Amino acid sequence: MTYRLIGDSCTDLDDNLKKDDNIVIVPLTLEIGDYSVKDDDEFNQKDFIKRMAESKIGAKSACPSPEAFKEAMECDTDMAFVVTLSEHLSGSYQSAEIGKKLYEEEHDHKDILVLSSKSASAGQYRLMLELDKLCRQGLGFEEISKRITKLRDEMKTYFVIETLDTLRKNGRLSAVTAFIASALNIKPIMGAVDGVIIKKDQQRGMQKALAKMVEIAVKEAGDNISEKTVCITHINNLERGEYVAELFRKSGKFKDIKIVNGAGVATLYAGDGGIVIAVG
């Protein structure tokens, strides 16, 4: 069966997936005050990081339009799978659902699954890797939908960010709390439950926080750990991504470990030096 895989631009991809003609990314728009840029192939990560650091205004994102998702679905394939940011973090999922309805109003039937990742970034990468594998195996729409939904429901997501400045600028954290955390070099270790961000732990210093994050991830990996893949998104810091990967390798428990640099949305929210991981 022929297929198309569609992701919003928080779906971080490796070089092989980026070259795959079956995969289409629908970009979000990133904004800092009056400045805006599409999160597409032309996105300049270093420039955007510099702009965020220099701005007193918090950066934010705008989800793609339903028409943009509809356009991505307009292809001569038997089926399509759409992976989006968690609906608790963005309107991207709702926009994709509307895009599906618009497509179905104008076209003959096509099997389309719109899937909230209940995650972001590395979690979306993990789901896209699996969809690519399942589609290449020639499985049918219902079987792929069943398997990818199961993976989504079992997958775990964690992240550690270098600075709380972005959260402070966006009004999601008080200036006092951000200042204290910065002064004490406290790095919170965050996770997600059903797509909602929660705090798992905290450590003083990035290295300790990353080590603790890996420890938590290994502990919470659940059954069949030897069949699971770890996806790591780093933000402009490959050395840090490799450090986390090596910690997972030393555990000797996982089937595979993948590392990618984050695209624009991940850069906006995780910030320079941030690390996002997904296990599933």
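Bear in mind that the values here come from a model prediction, so they are computed numbers and not experimental data.
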Salt-bridge contact [X]-[Y] (side-chain N to carboxylate O under 4.0 Å):
X	Y	result
Glu162	Arg240	yes
Asp15	Lys19	no
Lys101	Glu105	no
Arg147	Glu143	yes
Arg249	Glu246	yes

Where do [X] and [Y] come nearest, in terms of heavy atoms and distance?
X	Y	result
Cys10	Ala120	SG-CB, 3.9 Å
Cys135	Met79	SG-CE, 4.4 Å
Cys63	Ser90	CB-OG, 3.9 Å
Lys253	Val218	CD-CG1, 3.6 Å
Ile98	Pro66	CG2-CB, 3.7 Å
Ser36	Thr29	CB-CG2, 4.1 Å

Side-chain ([X]) to main-chain ([Y]) donor-acceptor, under 3.5 angstrom:
X	Y	answer
Ser145	Phe141	yes
Asn185	Arg204	no
Asp201	Ile189	no
Glu154	Leu151	no
Lys110	Cys75	yes
Thr2	Asp78	yes

How long is the span from the [atom1] atom in [X] to the [atom2] atom in [Y], to the nearest 0.5 Å?
X	Y	atom1	atom2	result
Ser116	Arg152	OG	CZ	6.0 Å
Ser65	Leu102	OG	CG	9.5 Å
Leu134	Lys146	CG	NZ	12.5 Å
Ile216	Met190	CD1	CE	11.0 Å
Ile112	Lys70	CD1	NZ	11.0 Å
Thr229	Ile257	OG1	CD1	9.0 Å

*asked:* With side-chain contact (heavy atoms from CB on, under 4.5 Å) as the criterion, how do Asn261 and His234 come out once you've worked through the C-alpha distance, each side chain's angles and the decisive distance to 0.1 Å?
replied: CA-CA 5 Å; Asn261 187 16; His234 71 86; 3.5 Å; yes

Non-hydrogen side-chain atoms of [X] and [Y] separated by less than 4.5 Å:
X	Y	value
Gln203	Val160	no
Phe48	Leu268	yes
Leu131	Ile144	yes
Lys133	Leu129	no
Val244	Ile259	no
Leu5	Asp132	yes
Val82	Met73	yes
Met155	Val279	no

Is the number of heavy atoms from other residues, nucleotides or ligands within 6.0 Å of [atom1] ([X]) greater than 12?
X	atom1	answer
Asp153	CG	yes
Glu106	CD	yes
Asp76	CG	no
Glu71	CD	no
Glu239	CD	no

Under 4.5 Å between side-chain heavy atoms, counting indirect links through other Ile/Leu/Val/Met/Phe/Trp/Tyr residues: same cluster for [X] and [Y] or not?
X	Y	result
Phe159	Tyr269	yes
Leu17	Ile6	no
Ile225	Met213	yes
Leu238	Leu210	yes
Leu139	Met1	yes

*asked:* Name the residue from Ile161, Asp12, Thr233 that meets the side-chain contact (heavy atoms from CB on, under 4.5 Å) definition with Val276.
replied: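 That would be Thr233.
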
*Measure up the Phe248 and Phe254 rings against each other and bin them: parallel (under 30°), tilted (30 to 60°), perpendicular (over 60°).*
perpendicular

*asked:* For a quick check under 3.5 Å, do Thr84 and Asp8 share a side-chain donor-acceptor pair by atom type?
replied: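 No, no side-chain donor-acceptor pair sits under 3.5 Å.
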
*Any luck finding a side-chain donor-acceptor pair between Asp14 and Tyr125 under 3.5 Å?*
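On atom types as modelled, these side chains qualify, holding a pair under 3.5 Å.
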
*Run the side-chain contact (heavy atoms from CB on, under 4.5 Å) check on Val83 and Ile148 step by step: do they pass?*
CA-CA 10 Å; Val83 176; Ile148 200 65; 5.9 Å; no

_Chi angles and distances behind the salt bridge (Lys or Arg N to Asp or Glu O under 4.0 Å) call for Arg126, Glu130_ = CA-CA 6 Å; Arg126 177 67 191 97; Glu130 193 70 12; 3.0 Å; yes

*Only pairs at least two apart or in different chains count here, so list each ring pair (Phe, Tyr, Trp, His ring centres under 6.0 Å) that has a residue in residues 94-120.*
Tyr103-His107

*Quick one: ring pair (Phe, Tyr, Trp, His ring centres under 6.0 Å) pairs with a partner in residues 50-78, sequence neighbours left out?*
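Non-adjacent pairs meeting ring pair (Phe, Tyr, Trp, His ring centres under 6.0 Å): zero.
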
Got a list of side-chain donor-acceptor pairs under 3.5 Å for residues 20-28, not counting sequence neighbours?
residue: Asp20; atom: OD1; partner: Asn22; partner atom: N; Å: 2.8
residue: Asp20; atom: OD1; partner: Asn22; partner atom: ND2; Å: 3.3
residue: Asp20; atom: OD2; partner: Arg136; partner atom: NH2; Å: 2.9
residue: Asn22; atom: ND2; partner: Tyr3; partner atom: OH; Å: 3.2

